[in-house]
Amino acid sequence: MFDKPIYIISSKNTFSAAEYFGLTAKEMKRAIILGETTAGAGNPGTSQGYHSPNTDTVFWLFIPNCQIITRSGNSIEGVGLTQMWCLKVTTG
């Protein structure tokens, strides 16, 4: 039952839990990753917006509250999950 490969299609817009699912499946030698390198945005955190008084200036902050690392010591943060086979996206 658990000897069939998993094919995961990724893109530059793949991020967060989807990246770590792909990384974990790849490290367990259960997945074949197709597509593009992912966004590299997998760490959870909190965001906060701040509007400066009397101006149109808005600041937005993202503050990570942890770093996720696999058992092998790998993280995709800032790097992304690399594909095993590249798929080109073309429009009609």
Side-chain angles (χ1 to χ4, degrees):
M1 178 173 173
F2 295 112
D3 60 347
K4 305 291 186 233
I6 301 169
Y7 293 90
I8 298 173
I9 300 174
S10 66
S11 77
K12 62 183 179 186
N13 298 319
T14 304
F15 63 98
S16 197
E19 286 183 292
Y20 279 106
F21 174 77
L23 179 60
T24 301
K26 183 178 177 183
E27 284 188 352
M28 294 175 67
K29 302 193 184 327
R30 286 294 319 270
I32 296 170
I33 312 297
L34 308 166
E36 300 175 299
T37 299
T38 62
N43 289 342
T46 187
S47 60
Q48 180 68 46
Y50 174 75
H51 188 260
S52 183
N54 303 322
T55 70
D56 291 333
T57 305
V58 177
F59 296 97
W60 184 81
L61 303 167
F62 177 79
I63 303 167
N65 53 25
C66 74
Q67 182 176 9
I68 300 172
I69 298 174
T70 65
R71 286 185 179 193
S72 301
N74 294 318
S75 171
I76 49 88
E77 189 64 25
V79 178
L81 174 63
T82 56
Q83 76 282 1
M84 299 165 125
W85 296 93
C86 182
L87 297 177
K88 273 193 175 174
V89 177
T90 58
T91 56

Original post:
Do Arg30 side-chain atoms and Lys4 backbone N/O form a donor-acceptor pair below 3.5 Å?
Top reply: yes

Which pairs of donor and acceptor atoms, one on a side chain in residues 64-73, lie under 3.5 Å apart (sequence neighbours left out)?
residue	atom	partner	partner atom	Å
Gln67	NE2	Ser75	OG	3.2
Thr70	OG1	Glu27	OE1	2.9
Thr70	OG1	Glu27	OE2	3.1
Thr70	OG1	Ser72	N	3.4
Thr70	OG1	Asn74	N	3.2
Ser72	OG	Glu27	OE1	3.3

**OP:** Considering non-hydrogen atoms only, spot the tightest contact between Ser47 and Trp60 and give its length.
**Re:** CB-CZ2, 3.5 Å

Subject >> Pairwise distance CH2(Trp85) to CD1(Ile32) - rounded to 0.5 angstrom >> reply: 9.0 Å

Original post:
Where is the tightest heavy-atom contact between Asn43 and Tyr20, given as atom of each residue plus distance?
Top reply: OD1-OH, 3.5 Å

Between side-chain atoms of residues 5-12 and protein atoms elsewhere (two or more places apart, or another chain), which donor-acceptor pairs fall under 3.5 Å?
residue	atom	partner	partner atom	Å
Ser10	OG	Leu34	O	3.4
Ser10	OG	Glu36	O	2.7
Ser11	OG	Asn13	N	3.0

Subject >> Spacing of CG belonging to Asp56 relative to NE2 belonging to His51, to within rounding of 0.5 Å >> reply: 6.0 Å

Subject >> Thr57: partners by side-chain contact (heavy atoms from CB on, under 4.5 Å), with sequence neighbours left out >> reply: Ser52, Thr55, Phe59

Subject >> Shortest non-hydrogen contact between Leu81 and Thr38, atoms and distance >> reply: N-OG1, 2.6 Å

Original post:
Where is the tightest heavy-atom contact between Ala39 and Phe15, given as atom of each residue plus distance?
Top reply: CB-CB, 3.9 Å

Original post:
Can you check whether Phe21's main-chain N or O pairs, donor with acceptor, with Lys26's side chain at less than 3.5 Å?
Top reply: no

Subject >> Under 3.5 Å donor-acceptor, Glu19 side chain and Gly80 backbone >> reply: no

Original post:
Does Gln48 reach the main-chain N or O of Leu61 with its side chain, forming a donor-acceptor pair under 3.5 Å?
Top reply: no

Original post:
Given side chains that start at C-beta, do those of Tyr50 and Val58 come closer than 4.5 Å, heavy atoms only?
Top reply: no

